[in-house]
Amino acid sequence: MSGYNHKEIEQKWQKRWYESDVYKAYNPDEPGFDKNKKSFYILDMFPYPSGSGLHVGHASGYIGTDIVTRQKRMQGFNVLHPMGWDAFGLPAEQYAIQTNQHPRHVTDVNTANFRRQLKLLALSYDWKREIDTSNPDYYRWTQWIFLQLYKKGLVYRKEMPVWWCEELKTVLANEEVINGRSERGNFPCVRKPLYQWVFKITAYADRLLEDLDGLDWPENVKKMQADWIGRSLGAEINFSVMEHKHSICVFSTRPDTLYGVTALVIAPEHPLVKEITTTACQSKIDAYLSKAMAKSDRERKAEEEITAEFTGAYCEHPLMKGQKVPIYIADYVLADYGTGAVMAVPAHDERDFLFAKKYDLPFKAVIAPKSDGKTLESCFTDDGTLVHSEEFSGLSSAEAREKITKKLEDNHLGKSKIFYKIRDWIFSRQRYWGEPFPLYFDENGEVVMADESDLPITLPDMTDFAPSPDGSSPLARVKEWTSFKHPKTSKTWGHVTHTMPGWAGSCWYYLRFMDPMNTKKAFDEKVVNYWQQVDLYVGGASHAVMHLLYARFWHKVLFDLGLVPTKEPFKKLFNQGMVTAYAYKDKTQRLVPSDEVEQVGQSYRRKSTGEPVEKFISKMAKSLRNVVNPDDVIENKGCDVLRTYEMFMGPLGDEKPWADEGISGCEKFLRKVWNLFIDDNDQIRGDKVCAPKAHDKSHYSLHKCLKRINDSFNNFNFNTSIAGMMEALNEIQDQQIDLTKEQSEFFLKMLFPFAPHISSELWERLGNKDWIDFAGWPILEEDKLVKNDFELVLQVNGKIRKKVEANVGLTDEAAKQMALEQLNEFIAGKEIVRVIYVQNKIVNVVVKG
RNA sequence: GCCGGGGUGGCGAAAUAGGUAGACGCACAGGACUUAAAAUCCUGAGUUUCGCAAGAGACGUGCGGGUUCGAUUCCCGCCCUCGGUACCA
């Protein structure tokens, strides 16, 4: 039996690739480094090596970047394309506890499986640069970078209310809690005061926001980061409390509405609540407070009705002397945003409106809509023209904001202020499987930085990793960890029992990939200056805020320290779409595993009972039994077929459902390519693919195809590349086009990034001894795209009536003339209004009657 | 609620400086080869109406309007869907 044998060919080439240094990225000064080559750094978001392995969805992003990588290599770039493991974190530890294993062991088993799977996909990583964030050789430098941030004063320790997840027994960052539930696992979380290590990311808020502008990132990701940082410009305004020496500071983005204030509302947690509450109101306030405190944040947010309580106290309006403004507490005002106090302007803010309506407070409209100057009955929240605002009446909202703020400043009653929504980053976790902090507590309980020579501070060996119910870390149970004799001081010191969160390792891994073997430094300056930054970063949209924000923060600090040459780590970002799969549910909306369903005509039913089920699209999940493992596809169809099909399904950025039936099209395509080159006796078809003279139509077919492929590298819609190659192949076969050797190579070069094994094999069989990897990317020749004739479409009133062959050089006059003759039967006896000719495309005759 | 992405055949999808809608593929149907099946190859097909047929006509890119000789593409107003986010002052 001859024919295309994917197993044999793929094994042969993978062995060659992995045993050679064909994928090696060269650092400056390294033997083999070519200073004439430009650098290109293309990075996948490295995976968290879970126990279930990769499915075809993970593979799609990696295949996409590999295609770009292979093309860049052909184009003569020195390409850095590395892979590693984001190996610290909760899931490995949870799984280790459940199965009574060491997380180290679990991680090693999982990474081995991931490595095996990735190699089967023929992803052209420089495997010598593989890194594992949980390896002390790596986290030594994570600790080192932490120390640099610590020295800059960007780390502090504080008792603060933090998100605590009872189920996970750990603190979570604000970014990790969604609607009061943990991002991982969806467990309920509560606010709890605890000592934490915290990063001052807020100190970089403005730069993290401003520098988004220059990034070649998807607009929605930039917007999500901007929203998360949440910059708002406004004013801090002081209201002095009557009969007290205190004043209450509010933050408002609408100082232009200051004359419309009819109440002041402070959060129940506001520090002045106790002091200012009058005796008469004491009991009611106490009742409100105890009710509010009993509610979780979640319950508070779920509350639809606004509730409030009067404190009995008043403050004075800052610009209207003697004007009394009542002070309320209400839990719609959040203690941890702004100053924890707002000025209520019922006429111009929706929540204030609802609040005032319920508690019967006066409305005072001070902004008139620009157009008609009428004052609205309900609230008007847009900008307008000021009324009833003393000397500011008549100004526009924008002018008034400036001038009112200025007046407040002049009178020391307030000032212009920018508030950020972003909070400092809580950086400690009460778990075992993470980087230990490079800090000690000395004999007096003071924090001492570790010496660089102490690094890495490695995790102590232990067997029970379960978190403690009191919220302390498992490391707190290790005696030699919490108290040991420090060799330099001979005093009894202790380690920090918290560990770093899973994000730590991924904050700088892209830098370590540049210089992964360095034992002296995290990364060498010269090497970083060479690679600069990640040119193309590809991964899922789920990391839009957390990972990408944290990594940008660390990078900016490293930039300030002069350790990296760029302000931003990732120049271009691309989000690959999810690969979904079909799933089924029955009448009661219960999920039915895919392998229990059969298709009958257009509908689906359960095999066992015959009851009808409904098909729908969902994420791949074990419970739905619709997870497609790339290993199986590779075993049955081959890696090239899998790669081709994953790209053929649709644009890389789109979500698209996996369908097993679809694979056969790509399988047939590659087999046809094989059969074009190789005959039944396993010999190269010299007459077909090494013809002495090029066929007339061959240049056009090949260059048209190349143009489409080149375009697809800009848009990541490789589906059109593959369609283009299928089309070219169909043309070659249908029109019995013979290719010269050069043209055959041209075709194989286009195919290579997508299906590297078969192209390498055919490249070799054409008699080439060198790697196709470096054979150069085909050059598009525009003149080859020019055709002599075309199909001229003839329309009457925009409707197609005829199509005729015409020469490309056809003049305007000749085209119209031809159209009128050809369309005679359609236009006879009618008045011709005008005739439009679109070059080399269409003639449209407009008639009346 | 607000902010993004998206609605095109039975299915995955092509095509937008406005110019032949459905490329490419799946599934389907018919045929060839075969004792037969698989594989392979060829042919067909958006829907619909008329016709024995060749063929001819109408309608078609979520819905309703508009601009234009001509709209999947531009404008206005909606509907649905998938993400993100939400007492943020």
Side-chain angles (χ1 to χ4, degrees), chain A residues 3 178-179 218-224 226-228 230-232 234-235 250-254 257 265 267 300-304 306 330-334 336-345 349-352 354-355 419-421 541-542 544-545 575 577-578 580 582 599 601-602 615 617 644-645 648-651 653-669 671-672 675 708 717 719-730 733 790-803 833-847:
Chain A
I178 297 155
N179 279 331
E219 286 306 315
N220 64 327
V221 175
K222 289 205 229 179
K223 185 157 187 311
M224 276 161 77
D227 286 350
W228 186 263
R231 181 184 196 267
S232 48
V250 304
F251 173 71
S252 174
T253 52
R254 296 293 303 274
T257 64
V265 191
R300 272 208 210 177
K301 283 185 183 177
E303 204 83 51
E304 279 178 24
I306 282 177
D331 59 11
Y332 83 81
V333 176
L334 307 175
D336 60 0
Y337 185 77
T339 59
V342 301
M343 55 183 216
V345 185
D349 178 277
E350 245 166 83
R351 281 156 317 143
D352 296 343
L354 293 171
F355 161 68
F419 252 99
Y420 293 96
K421 202 173 77 173
S542 56
V545 177
N575 292 130
M578 217 187 340
T580 51
Y582 293 110
Q599 183 169 10
Q602 296 290 334
K615 185 175 176 177
I617 289 171
T644 310
Y645 178 59
F648 186 62
M649 285 194 293
D654 287 8
E655 179 183 310
K656 55 235 165 236
W658 178 273
D660 277 327
E661 318 84 72
I663 301 172
S664 61
C666 292
E667 195 185 3
K668 275 184 216 162
F669 165 62
R671 201 159 47 217
K672 278 194 208 167
N675 291 334
R708 290 184 76 176
N717 55 347
N719 51 328
T720 61
S721 293
I722 296 175
M725 286 188 282
M726 287 173 168
E727 218 166 63
L729 184 66
N730 288 346
Q733 285 185 331
F790 72 101
E791 199 175 41
L792 179 67
V793 175
L794 305 177
Q795 297 182 331
V796 176
N797 287 346
K799 283 193 178 166
I800 297 161
R801 293 303 178 191
K802 261 190 183 172
K803 294 174 186 177
V833 181
R834 58 194 274 213
V835 183
I836 294 145
Y837 174 51
V838 182
Q839 264 253 287
N840 301 341
K841 274 185 182 144
I842 265 176
V843 178
N844 187 16
V845 180
V846 187
V847 296

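Fair warning: this is a prediction, and the values are worked out from it, not measured in the lab. So you know, we letter chains A, B, ... as the sequences are listed, proteins then strands, and number each from 1.
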The side chain of A/V333 is closest to which nucleotide in this list: B/A27, B/G12, B/A89? B/A89
Can you find a pair of side-chain heavy atoms, one from A/D352 and one from A/Y332, that are under 4.5 Å apart? yes
C1' gap between B/C88 and B/C79, integer Å: 31 Å
Which nucleotide in the set B/A14, B/C88, B/A58 lies at the smallest distance from any side-chain heavy atom of A/K799? B/A58
Classify A/K656 by what it touches in the nucleic acid, base, sugar-phosphate, or nothing, heavy-atom distance under 4.0 Å. sugar-phosphate
Only Watson-Crick and G-U wobble pairs with both distances less than 3.5 Å should count. Give RNA chain B in dot-bracket notation, marking inter-strand partners with |. (((((((..(((......[....))).(((((.......))))).(((((....)))))..(((((..]....))))))))))))....
Is the shortest heavy-atom distance from the side chain of A/F669 to the side chain of A/Y645 under 4.5 Å? no
I want to verify the glycosidic state of B/G83; is it syn or anti under the 90° rule? anti
Nearest-Å distance once atom C1' is located in both B/A38 and B/G19: 47 Å
Quick one: A/M224 CE to B/G4 C1', roughly how many Å, whole number? 9 Å
Among the nucleotides B/A89, B/U20, B/C24, whichever has the atom closest to the side chain of A/I842 is B/U20
Rounded to whole Å, how long is the line connecting atom NZ of A/K841 with atom P of B/A15? 14 Å
At less than 4.0 Å, is any side-chain N or O atom of A/R671 found next to OP1 or OP2 of B/U40? Yes or no. yes
Starting from P on B/U20, measure out to CD1 on A/I800 and report it in whole angstrom. 7 Å
Applying a 4.0 Å non-hydrogen cut-off, can you work out what A/N730 is touching in the nucleic acid: base, sugar-phosphate, or nothing? sugar-phosphate
Pairwise P distance for B/C63 and B/U72, with rounding to whole Å: 11 Å
Looking only at side-chain atoms of A/T253, point me to the closest of B/A89, B/A13, B/C24. B/A89
Taking the side chain of A/V838 as its heavy atoms from C-beta onward, which of B/G19, B/A23, B/G12 lies nearest to it? B/G19
Which one, B/U40, B/A23, B/A89, comes nearest to the side chain of A/A723? B/A23
Picking from B/U20, B/A89, B/G19, which would you name as closest to the side chain of A/K803? B/U20
Under 4.0 Å between any heavy atoms, over every strand shown, what does A/T339 touch: base, sugar-phosphate, or nothing? Just pick one. nothing
The side chain of A/M726 is closest to which nucleotide in this list: B/G25, B/G12, B/C87? B/G25
So do the side chains of A/I836 and A/Q795 get within less than 4.5 Å of each other, counting heavy atoms only? no
C1' spacing across the pair B/G70 / B/G18, given as an integer number of angstrom: 8 Å
Tell me what A/K668 touches on the nucleic acid: a base, only sugar-phosphate, or nothing, going by heavy atoms under 4.0 Å. sugar-phosphate
With sugar-phosphate meaning primed atoms plus P, OP1 and OP2, does A/F790 contact a base, only sugar-phosphate, or nothing at under 4.0 Å between heavy atoms? nothing
Nearest listed nucleotide, side chain of A/V793, among B/A23, B/U20, B/A14: B/U20
Side chains of A/V342 and A/S252: closer than 4.5 Å at any heavy-atom pair? no
Just how far, in rounded Å, is C1' of B/C41 from CG of A/N675? 12 Å
Calculate the interatomic distance between A/F648 atom CZ and B/G25 atom C1'; express it in whole Å. 4 Å
Would you mind reading off the distance between A/N220 atom CG and B/C3 atom C1', rounded to a whole angstrom? 10 Å
Can you classify the ring geometry of A/F419 versus A/Y337 as parallel (below 30°), tilted (30 to 60°) or perpendicular (above 60°)? tilted
P atoms of B/A23 and B/U47, separation to the nearest Å: 13 Å
Distance, rounded to the nearest Å, where A/K672 contributes NZ and B/U40 contributes P: 10 Å
If we take the P atom in both B/U16 and B/G10, what is their distance in whole Å? 24 Å
Indicate yes or no: at least one non-hydrogen side-chain atom of A/Y837 is less than 4.5 angstrom from one of A/I842. no
For a quick check, with a 4.0 angstrom heavy-atom cut-off, what is the B/S/- contact string for nucleotides 66-72 of chain B, read 5' to 3'? ---B---
In whole Å, what separates the C1' atom of B/C11 from that of B/G77? 32 Å
Quick check: closest heavy atoms across A/L334 and A/A267, and the distance to 0.1 Å? C-CB, 4.0 Å
Check whether any side-chain heavy atom of A/Y582 lies under 4.5 Å from a side-chain heavy atom of A/D660, and answer yes or no. no
When the C1' atoms of B/A14 and B/A21 are compared, how many Å lie between them, rounded to an integer? 10 Å
What contact category does A/R231 fall into here, base, sugar-phosphate, or nothing, at under 4.0 angstrom with non-hydrogen atoms? nothing
Under 4.0 Å, heavy atoms only, any strand: does A/E219 hit a base, just the sugar-phosphate, or nothing? nothing
Just how far, in rounded Å, is P of B/C24 from CG of A/N717? 17 Å
So, OP1 or OP2 of B/G25: does either fall under 4.0 Å of a side-chain N or O from A/N719? no
Do A/C666 and A/M726 come close enough that some side-chain heavy atom pair is under 4.5 Å? yes
